[in-house]
Amino acid sequence: MSSVIDMLNDKQKEAALHTEGPLLILAGAGSGKTRVITNRIAYLIDECGVNPWNILAITFTNKAAGEMRQRVDDMVGYGSDSIWVATFHSTCVRILRRYIDKIGYDTNFAIYDTDDTKTVMKGICKRLQIDTKQMHERAFLSAISRAKDEMMTAADLMLDAMGDFGATQVAKVYAEYERELKKCNALDFDDLLLKTVELFKAWPDILDLYQERFKYIMVDEYQDTNTVQFEFIRLLASKYSNICVVGDDDQSIYKFRGANIRNILDFEKVYPDAKVVKLEQNYRSTQNILDAANAVISNNAGRKDKSLWTDKGEGGNVHFRQCESSYEEAEYVVDTILKNKREGRYDYSDCAVLYRTNAQARVLEEKFILSGIPYDVVGGVNFYARREIKDILAYLKTIDNARDDLAVKRIINVPRRGIGATTINKVQEYANANDITFYEALTKAEEISSIGRSAVKLKPFVTMIQVFRSKLSYLTLEELVKDILETTEYIENMESDSTEDAQARVENIEEFINKVVAYEDEQDEDEASLSGFLEEVALVADIDSADTDSNKVLLMTLHSAKGLEFPFVFITGMEEGLFPSYMNITSDDPSELEEERRLCYVGITRAMNELTLTCARQRMIRGETQFNAPSRFIREIPPGLMDLKVPANRIRMNDGPVPVKSKPYAMSSRERSEAVKPYIASAGSRTMASVGIKTGKEMVSSGAPDYGVGDRVRHIKFGEGVVKQIDKGIRDYEVTVDFGGYGVKKMLAGFAKLKKI
DNA sequence: CGTACTAGTCTTTTT
DNA sequence: GACTAGTACG
């Protein structure tokens, strides 16, 4: 019987075969760590007779979890679905949904995202009369988040503050914030981990249950774990000690959000009997690229000693190019890609353009559009954080379970219903006084004497929500969402007050409906519940846009590039003040600069065959033109590895402005959105198809309806009616129908789903 | 209560 | 330069 580990090298084998007891795999960039993990899982099941049910594999992102799940499924035949592959957060949610009542929460708790917590914080600052100009909401939130990462309570912070005014205030706000979330039966992202650890500590029998369940634990990207995540894993593994962590201290780039690099550096101290395996053979890059990466990272102190090698051969030099402006830089990137494409050396999908900040994508995008190169920007604004999507989600949350005050308040006046801040405050006061939720208070509006005439406006809102609820039993989720949009005339209202980006918003809503349909298709007939959908969406940042099969250049930040590889990589904006960022240069903490250097290391090691580093002498940052010297990271690469267009000592440092030869072409925002459209439009559908999800019925059709003026049609809610008028709207046909008893309605053909009779 | 303008703010990012 | 939040006014 041929073994699953035969395809591994010696080191990889050593790691895969060590199944009992703690194991640290130090996996350098491109050393095949995912392969080791999946093979190790297969080995555990096939050769050691481990029940798949007893295996837990934890990742940070949904994307990583999805990829691992895929590869495990491919490798392990029978029983692979019972392997628990999930992110930290979704793992905790699953545990908490079962047992959180043991520590005083309701099991249908809400999960507050970053936006929600900001809203909560704003309210607290107002109530405590904190001057948010002096101390920002964001500062409080990040202080609280950091405290939670370190498992510190508000009381702990208060003790630590030792009377210091600022620190005391943070502690007070923290306590208030906790009270507020508890009142709403809500958890923030940090709480998901924290409360699970709390639960495990308070209820040893529950912990034991999960220890028995997860006898073999694997953690990916271990260098990015924070203290509470470490504790979660430690507790789970403390019975059987079969814990395997994989990571690379040189790729730790999330310190700013609480990652504790000591978790990986001190692993052997916590587990003295741990076996350590270093994977140093790189299967990705040429020797020159690796040498450049090694040279840069060797400037960092306090790392685990290792150095990557490859048998891929020397390869070409690393290219470096200093440009006059960001426009010229973008042109250089575009021209190089076109030239390579023409000469048949690299296709579009072989190339990736990386940068430090998302804002840098704009100029690049403009040039890509002009040149006609197909591209995709990865990341940017979180899909589910967009206003229109959050609005619809708030409706769904309210219908599902009106305990989420934030959701109810979000939509009570969206679209406008003439319910203002004063009324909302009065309802809230009433709710506080009677210890009921905001929504419950709404249902008793007529009892609130202070509201007066406004009570009349609240009634229809409550009725509407109740009507939606009553329809839950027979409408599909898709129908429900469309019903919400129609009943509230959401799109019409949106179009009337913001014509500029209304079109993009409508497209987002359509994409959202696609997502809903995809969810329903995934589930078995009766399984597709509203709560289930909201659960899934709460922990997903973006619609997965990894469409590697389409032939496009990918643009993304260095952070989002982690874990990916490309034959040709551009790293742009290699300038002091931008990369490394100004914040980190001026910081008195030298470890901040080391994190930037690790980021540079991550960037360089994404490249398989060719790497081009570019910088601009002149760049617009935050509406201000800056003149920056080339990044220090450039100078850390031995000149012998680079092909410099000018000798190194002739590279111009920041010696002031030079007249720009040609006026940079800048597109108007309309031109831009027009030009960008075809790519965006194709991105969504392709994503769905590539994941193998049926999008169900055809979305809003741009074709003409199959009925005309005067025809009788049927609508799902209003019944039969007569078509009065059909107008070609911005993106769809607007149909005016007389429904007799229901009156005359104007609706979008795509949403209305009218049937000719 | 809603709108229109002004002032201030900007890292990186996932859940 | 772009976005958002807050404020002044109708």
Side-chain angles (χ1 to χ4, degrees), chain A residues 58-65 86-93 111-119 122 126 132-133 136-139 142 145 148-149 187-193 221 224-226 228-229 253-259 326 354-360 362-363 378-382 384-385 387 413 415-424 453-454 457 497-498 500-501 535-542 556-563 573 577-587 592 595-596 598-600 602-603 619-625 666 668-669 672:
Chain A
I58 291 225
T59 63
F60 275 84
T61 66
N62 291 302
K63 195 172 140 223
T87 63
F88 273 105
H89 292 84
S90 64
T91 301
C92 289
V93 169
I111 301 169
Y112 278 5
D113 66 16
T114 329
D115 263 18
D116 301 330
T117 57
K118 203 172 172 193
T119 310
K122 215 180 278 169
K126 198 160 241 169
T132 51
K133 283 191 179 95
H136 280 275
E137 291 99 335
R138 269 183 59 173
S142 69
S145 172
K148 287 185 174 182
D149 286 348
L187 302 187
D188 64 21
F189 288 133
D190 301 313
D191 283 336
L192 297 177
L193 266 301
E221 304 283 12
D224 289 331
T225 49
N226 61 32
V228 65
Q229 286 162 340
I253 53 174
Y254 286 111
K255 189 187 161 209
F256 70 90
R257 76 178 193 222
S326 54
L354 312 182
Y355 36 80
R356 179 66 233 268
T357 66
N358 273 313
Q360 288 167 255
R362 171 144 291 135
V363 178
V378 178
V381 188
N382 181 347
Y384 291 103
R387 193 197 309 159
N413 199 32
R416 310 252 122 88
R417 296 186 181 93
I419 304 167
T422 334
T423 312
I424 292 174
R453 293 187 307 279
S454 302
K457 295 174 184 163
D497 54 33
S498 67
E500 266 298 306
D501 39 33
E535 180 81 57
E536 185 168 288
V537 163
L539 293 173
V540 170
D542 227 321
M556 69 188 103
T557 61
L558 287 150
H559 281 91
S560 9
K562 190 159 85 163
L578 183 61
F579 185 38
S581 103
Y582 177 74
M583 295 287 215
N584 294 315
I585 297 174
T586 49
S587 163
E592 306 258 304
E595 175 132 326
E596 292 281 295
R598 288 194 290 270
L599 194 53
C600 184
V602 167
R619 183 184 300 273
M620 183 88 106
I621 294 173
R622 291 194 229 126
E624 204 180 4
T625 304
S668 72
S669 63
R672 201 170 150 269

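In what follows, chains carry the letters A, B, and so on, assigned in the order in which the sequence lines appear, proteins first and then strands, with residues in each chain numbered from 1.
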Mapping A:Thr87 and A:Lys457 to their closest nucleotides on DNA chain B, which lands nearer the 5' end?
-> A:Lys457
Looking only at side-chain N and O atoms, does A:Asn413 come under 4.0 Å of OP1 or OP2 in B:dC1?
-> no
Given B:dC1, is OP1 or OP2 found less than 4.0 Å from the side-chain N or O atoms of A:Thr423?
-> yes
Look at all strands and tell whether A:Ala359 reaches a base, only sugar-phosphate, or nothing, counting heavy atoms closer than 4.0 Å.
-> nothing
More than 12 heavy atoms of other residues, nucleotides or ligands under 6.0 Å from NZ of A:Lys255: is that the case?
-> yes
Proximal nucleotide (of B:dT3, B:dT13, C:dG1) relative to the A:Arg416 side chain | B:dT3
Which of these nucleotides, B:dT12, B:dC10, B:dT15, is closest to any side-chain atom of A:Arg622?
-> B:dC10
Touch class at under 4.0 angstrom, heavy-atom based, for A:Gly420 against every strand present | sugar-phosphate
Encode nucleotides 3-10 of chain C as B, S and - characters from 5' to 3', where the letter depends on protein heavy atoms closer than 4.0 Å: B to the base, S only to sugar-phosphate, - to neither.
-> ---S----
In whole angstrom, what separates A:Phe88's CZ from B:dT15's P?
-> 13 Å
Would one find a side-chain N or O of A:Thr557 under 4.0 angstrom from OP1 or OP2 of B:dT13?
-> yes
Could you tell me whether B:dT12 is syn or anti, where syn means a glycosidic angle within 90 degrees of zero?
-> anti
Euclidean distance, atom CD of residue A:Glu592 to atom C1' of B:dT12 [Å, nearest integer] | 11 Å
Applying the side-chain hydrogen bond (donor to acceptor under 3.5 Å, both in side chains) test to A:Lys562, which of A:Thr61, A:Thr557, A:Asp224 qualifies?
-> A:Asp224
In whole angstroms, how far is the P atom of B:dT12 from the CE atom of A:Met556?
-> 16 Å
Test A:Lys148 against A:Asp188 for salt bridge (charged side-chain N to carboxylate O under 4.0 Å, His left out), laying out the working first.
-> CA-CA 10 Å; A:Lys148 287 185 174 182; A:Asp188 64 21; 2.8 Å; yes
Provide, to the nearest angstrom, the distance between the NE2 atom belonging to A:His89 and the C1' atom belonging to B:dT14.
-> 7 Å
Measure the distance from CD on A:Glu535 to C1' on B:dT15 and round it to the nearest whole Å.
-> 13 Å
Side-chain N or O of A:Asn226 less than 4.0 angstrom from OP1 or OP2 on B:dT14?
-> no
No-H, no-angle donor-acceptor pair, A:Thr114 side chain to B:dT15 base, under 3.5 Å = yes
Between A:Ser326 and A:Arg619, which heavy-atom pair has the shortest distance, and what is it?
-> CB-NH1, 3.6 Å
With respect to the side chain of A:Glu596, which nucleotide from B:dC1, B:dT11, B:dG2 is positioned closest?
-> B:dT11
Assess whether side chain to side chain contact (heavy atoms under 4.5 Å, CB included) is satisfied between A:Ile424 and A:Ile419, documenting all intermediate values.
-> CA-CA 7 Å; A:Ile424 292 174; A:Ile419 304 167; 4.2 Å; yes
Ring-on-base stacking between A:Phe256 and B:dT12, under 5.5 Å between centres and under 30° between planes: is it there?
-> yes
Ring-ring centroid check A:Phe60 A:His89, cutoff 6.0 Å = no
If you draw a 6.0 Å radius around CZ in A:Phe256, do more than 12 non-hydrogen atoms from other residues or ligands fall strictly inside?
-> yes
Take the protein atom CG of A:Leu558 and the nucleotide atom P of B:dT13, then report the distance between them rounded to whole Å.
-> 9 Å
With respect to the phosphate group of B:dC10, does any side-chain polar atom (N or O) of A:Asn358 fall under 4.0 Å of OP1 or OP2?
-> no
A:Thr357 side chain: which of B:dC1, B:dT11, B:dT14 is closest?
-> B:dT11
Taken to the nearest 0.5 Å, the spacing of A:Phe189 CZ from A:Leu539 CG works out to 6.5 Å
Rounded to the Å, how far apart are A:Gln360 CD and B:dT11 C1'?
-> 11 Å
Could you give the CZ-to-P distance, from A:Arg417 to B:dG2, as a whole number of Å?
-> 11 Å
